[in-house]
Amino acid sequence: MSELAVQVDRLTKRFGDFTAVDGISFEVRPGEVVGYLGPNGSGKTTTIRMLLGLLRPTAGRAEVLGFDVERQAEAIRPLVGYMSQKFALYDELTMAENLEFYAGIYGVPKGERRGRQQAVMDLVGLNGLGDARAGQMSGGWRQRLALAIALVHRPQLLFLDEPTSGVDPVARRIFWNTIDKLADDGATVFVSTHYMDEAEYCGRLGIMNGGRLLALDTPAALKRDTLPGPTWNLIVDRLIPALDALESLPGVFQVGLRGDHLHAITLAGEHSQHTLQSSLEGMGFSVEVESTDPTLEDVFMALAGDKAPSLD
Ligand SMILES: Nc1ncnc2c1ncn2[C@@H]1O[C@H](COP(=O)(O)OP(=O)(O)OP(=O)(O)O)[C@@H](O)[C@H]1O
Ligand SMILES: [Mg+2]
């Protein structure tokens with residue numbers, strides 16, 4: 001059991017009558033980057049807080065780095081880094097002072113602090129910005145500082161809770177390059193997100209909805225194994241009437257609106273480009289059908305089914 005970075009067995013959290021995390025089980029091996037994808041309220045933060053020993057599970061159990069989260073939380077905390085969804089920086093302090101403050105809190109020995117601080121500032125690409133006031137920095141820079149803080153005590157395992165939420169795509173890409181570097185150096189990363197594009201970068205990906213872990217596998221395996229059949233894009237002249245028409249066709253599993261076109265998942269062996277095209281044309285639509293590769297959004301929609309809320 002202690003060979004694993006994280007082991008979770010039927011972990012459950014209820015708040016009164018409401019079940020926020022519903023009997024989830026999974027494992028994270030050392031060196032993995034595991035993503036945790038789910039919409040608002042699906043139980044991501046609640047899971048992470050239980051793994052850090054900050055919230056007591058209602059049922060089930062979990063071990064982090066071989067320690068039980070309920071009984072040995074004190075042993076876990078110095079070994080893990082945590083970037084919370086609402087990380088707290090001191091706006092009046094400079095970037096370097098914030099880092100120095102947290103290095104103290106995390107018990108980095110005084111003699112090592114300078115070197116560690118420099119190393120993490122370099123790693124996240126903040127060198128030269130130590131004297132800037134945190135309160136004057138934009139979201140992307142603040143988020144990099146929060147990551148530097150989570151890394152300052154050399155944790156073996158990192159919990160990042162929606163670390164890129166609210167930052168622009170370029171800043172998100174830079175942030176993920178840093179996660180890749182950390183993983184190359186042997187760190188284990190557990191990272192929650194509701195962005196489909198960054199879910200693609202994870203080694204394995206857990207899909208949460210309504211407190212349940214619906215699947216956990218590599219993005220490629222999820223796309224291969226969780227869909228009931230092929231996926232299609234349809235360019236049509238009248239979007240909503242065509243969506244309704246398509247939904248009523250036998251063999252069509254799901255239809256959604258994607259910007260200026262429709263996207264459909266059909267059941268295996270039920271449709272071809274030709275049958276979709278001619279069915280819609282037969283109902284008076286002008287349509288162009290293309291076969292597409294499945295995306296993680298398809299995976300999420302197929303797994304969550306009618307209970308799927310929107311992710312972005
Ligand atoms: N202390 C609490 N008391 C009551 N309900 C709570 C508490 N903490 C969380 N919840 C509820 O549990 C559910 C799961 O919340 P959680 O914060 O884990 O979701 P999340 O997946 O992190 O969502 P988000 O993407 O918005 O951060 C939500 O419906 C939330 O309102
Ligand atoms: Mg959350």
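Values in this document were obtained by computation on a predicted structure and should not be read as measured data. Note that ligands are numbered from 1 as they come in the structure, with each ligand's atoms numbered from 1 the same way.
Residue G43 places at least one N or O, backbone or side chain, under 3.5 Å from an N or O of ligand 1. Not a single N or O atom of T47, backbone or side chain, sits closer than 3.5 Å to an N or O atom of ligand 1.
Distances from ligand 1 to the non-hydrogen atoms of H194 include no value under 4.0 Å. Using a 4.0 Å cutoff on heavy atoms, G16 does not count as a contact of ligand 1.
Selection from T19, V21, T46 by nearest heavy atom to atom 16 (P) of ligand 1 gives T46. Between atom 4 (C) of ligand 1 and the options F15, F18, Y36, the minimum heavy-atom separation is to F15. Considering only non-hydrogen atoms, atom 22 (O) of ligand 1 lies nearest to T45 out of D161, L37, T45, N40.
The atoms of ligand 1 that sit less than 4.0 Å from any heavy atom of E162 are 24 (P), 25 (O), 27 (O). Shown in contact with Q85 at under 4.0 Å from a heavy atom are these atoms of ligand 1, numbered in order with element: 24 (P), 27 (O). Within the listing of ligand 1, atoms 19 (O), 20 (P), 21 (O) sit less than 4.0 angstrom from a heavy atom of S42.
Salt bridge status for D217 with K223: absent, with no side-chain N to carboxylate O gap under 4.0 Å. Ion pairing of K44 with D161 is absent here, as no side-chain N (NZ or NE/NH1/NH2) approaches a carboxylate O to less than 4.0 Å. Using a cut-off of 4.0 Å between Lys/Arg side-chain N and Asp/Glu carboxylate O, E70 and R61 are scored as not salt-bridged. Between R173 and D168 there is no salt bridge, since no side-chain nitrogen of the basic residue lies less than 4.0 Å from a carboxylate oxygen of the acidic one.
The part of P39 lying near ligand 1 is the backbone, judged by heavy-atom distances below 4.0 Å.
Because the distance cut-off is set at 2.8 Å, T45 qualifies as a neighbour of the Mg ion (ligand 2) through one of its N, O or S atoms. Between the Mg ion (ligand 2) and Q85 there is an N/O/S contact shorter than 2.8 Å.
Checking atom 31 (O) of ligand 1 against the protein gives no heavy-atom contact under 4.0 Å. Of the protein's heavy atoms, at least one falls inside 4.0 Å of atom 6 (C) of ligand 1.
Atom 14 (C) of ligand 1 has G41 O, 3.4 Å as its closest protein atom, hydrogens excluded (heavy atom only).
Side-chain contact, E281 with Q277: a donor N or O sits under 3.5 Å from an acceptor N or O. E198 and T164 share a donor-acceptor pair across their side chains, judged by distance under 3.5 Å alone. Side-chain N/O atoms of E162 and S192 include no donor and acceptor closer than 3.5 Å. A donor-acceptor pair shorter than 3.5 Å cannot be found between the side chains of D22 and T19.
Here the two rings, on F26 and F190, have centers that are under 6.0 Å apart.
Between M137 and L145 there is no side-chain heavy-atom pair separated by less than 4.5 Å.
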